[in-house]
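Notes follow once the structure below has been shown.
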Amino acid sequence: MMTLPFQRAVILEDEPNLAQALRIALERLGMTVDHGRTLAECREILARGEPDLLILDRRVPDGDGLDLCRETRAQGALCAVMILTAAGETADRVEGLRAGADDYLPKPFSWEELSARLEALARRAPPAQLGSDAWEIDEPRLRIRSHRGWVRLTPLEFKLATHLIRSRGEIVSRDQL
């Protein structure tokens, strides 16, 4: 299995046993995992920062995971999104992909297939623009991502932050800034 670039995953799953199994599997792959049973819980988790991987069930007590997928994409999220749900008809899969999901895996699924699909998502994940594991710079949106998530900056803050990131390990004088 390849090394996955995902450091933080968020799972929307209301079935406790499956949620726990997913958490264990993702943690074994080196990810930090947050779990919400409802859309409201996941919105609270996502408010703390964008994950690298978002795994969504469709049918949860307070709605459809696709609503969260659409919201996340509308906010400019670049994370990988996988729908993992019992709603597996062709129309459901098409709706999920058109809502912004990168992949759609109907339940029941095999762990081997889930692993292969995560590897495929990792191959398609955008590389960090600076080639650094610590920082990702999104110039069009004036935002920077660290291990804690995305931060939107003013134009001046963005200019200063990118200069400091690109000067890794070097002393930068006030005059240079």
Side-chain angles (χ1 to χ4, degrees), residues 1-2 4-128 136 138 140-143 145 147-152:
M1 170 171 216
M2 70 182 288
L4 299 178
F6 310 125
Q7 294 178 355
R8 180 173 174 249
V10 173
I11 301 168
L12 170 62
E13 176 57 61
D14 62 330
E15 204 294 304
N17 292 331
L18 178 56
Q20 182 64 15
L22 283 169
R23 174 187 291 277
I24 291 168
L26 296 175
E27 286 175 347
R28 285 186 179 156
L29 293 171
M31 291 180 230
T32 300
V33 180
D34 291 308
H35 166 242
R37 296 177 304 110
T38 64
L39 292 172
E41 287 177 10
C42 272
R43 285 182 182 112
E44 287 178 26
I45 292 167
L46 292 172
R48 297 191 302 255
E50 183 181 329
D52 301 303
L53 175 64
L54 185 56
I55 297 178
L56 302 173
D57 189 2
R58 290 209 46 191
R59 297 177 183 144
V60 292
D62 59 345
D64 187 337
L66 286 189
D67 293 336
L68 189 58
C69 180
R70 287 183 191 98
E71 290 168 24
T72 305
R73 292 299 189 216
Q75 294 168 1
L78 299 174
C79 62
V81 177
M82 175 181 280
I83 306 297
L84 190 61
T85 184
E89 297 297 319
T90 299
D92 297 318
R93 292 190 309 258
V94 169
E95 183 183 15
L97 294 169
R98 288 191 172 146
D102 298 299
D103 200 355
Y104 196 108
L105 181 60
K107 298 174 188 173
F109 60 91
S110 76
W111 291 103
E112 186 176 19
E113 182 178 5
L114 175 63
S115 177
R117 287 174 179 264
L118 289 174
E119 290 173 12
L121 285 174
R123 286 192 301 270
R124 294 191 305 265
E136 183 175 349
D138 181 1
R141 292 187 181 99
L142 296 178
R143 62 186 191 160
R145 180 170 69 171
H147 68 285
R148 299 178 108 181
W150 286 103
V151 177
R152 294 184 197 282

In Leu54, Leu53, Asp52, the residue satisfying side chain to side chain contact (heavy atoms under 4.5 Å, CB included) with Arg8 is Asp52

Discussion item. Name the residue from Leu12, Asp34, Thr72 that meets the side chain to side chain contact (heavy atoms under 4.5 Å, CB included) definition with Leu46.
Written reply: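 Only one of Leu12, Asp34, Thr72 forms a side chain to side chain contact (heavy atoms under 4.5 Å, CB included) with Leu46, namely Thr72.
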
Taking all atoms of both residues into account, what is the closest heavy-atom pair of [X] and [Y], and its distance?
X     : Y      : value
Val81 : Gly100 : CB-O, 4.4 Å
Ala99 : Cys69  : O-SG, 3.5 Å
Gly88 : Pro106 : CA-CB, 3.8 Å

Problem set entry | Residues Asp138 and Arg152 bridged, charged N to O under 4.0 Å |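 No, this pair does not count.
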
Salt bridge Arg59-Glu15, side-chain N to carboxylate O under 4.0 Å:
no

Please list all pairs meeting ring-ring contact (aromatic ring centres under 6.0 Å, His included) that have one or both residues in residues 89-110, counting only residues at least two apart or in different chains.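 Passing the test, one end in residues 89-110: Phe109-Trp111.
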
Enter the distance from [X]:[atom1] to [Y]:[atom2] here, rounded to the nearest 0.5 Å.
X     : Y      : atom1 : atom2 : value
Thr85 : Asp64  : OG1   : CG    : 8.0 Å
Leu97 : Asp103 : CG    : CG    : 7.5 Å
Leu68 : Arg73  : CG    : CZ    : 10.5 Å
Asp57 : Leu84  : CG    : CG    : 7.0 Å
Ile55 : Leu118 : CD1   : CG    : 5.5 Å
His35 : Leu18  : NE2   : CG    : 8.5 Å

[X] vs [Y] side-chain heavy atoms within contact, under 4.5 Å:
X      : Y      : result
Thr38  : Val60  : no
Ser115 : Glu119 : yes
Ile83  : Arg58  : yes
Asp62  : Glu41  : no

The side-chain hydrogen bond (donor to acceptor under 3.5 Å, both in side chains) partners of Glu71 (sequence neighbours excluded) come to Arg43

Please tabulate, one pair per line, all N/O donor-acceptor pairs under 3.5 Å involving side-chain atoms of residues 21-32, not counting sequence neighbours.
{"residue": "Arg23", "atom": "NH1", "partner": "Val33", "partner atom": "O", "Å": "2.8"}

Self-check item: Arg37 atom CZ: more than 12 heavy-atom contacts under 6.0 Å
Solution: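 Counting other residues, nucleotides and ligands, CZ of Arg37 stays at 12 neighbours or fewer.
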
**Message:** A quick test of your reading: do over 12 heavy atoms of other residues, nucleotides or ligands sit less than 6.0 Å from CD of Glu89?
**Reply:**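 No, CD of Glu89 has 12 or fewer neighbouring heavy atoms, counting only those of other groups under 6.0 Å.
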
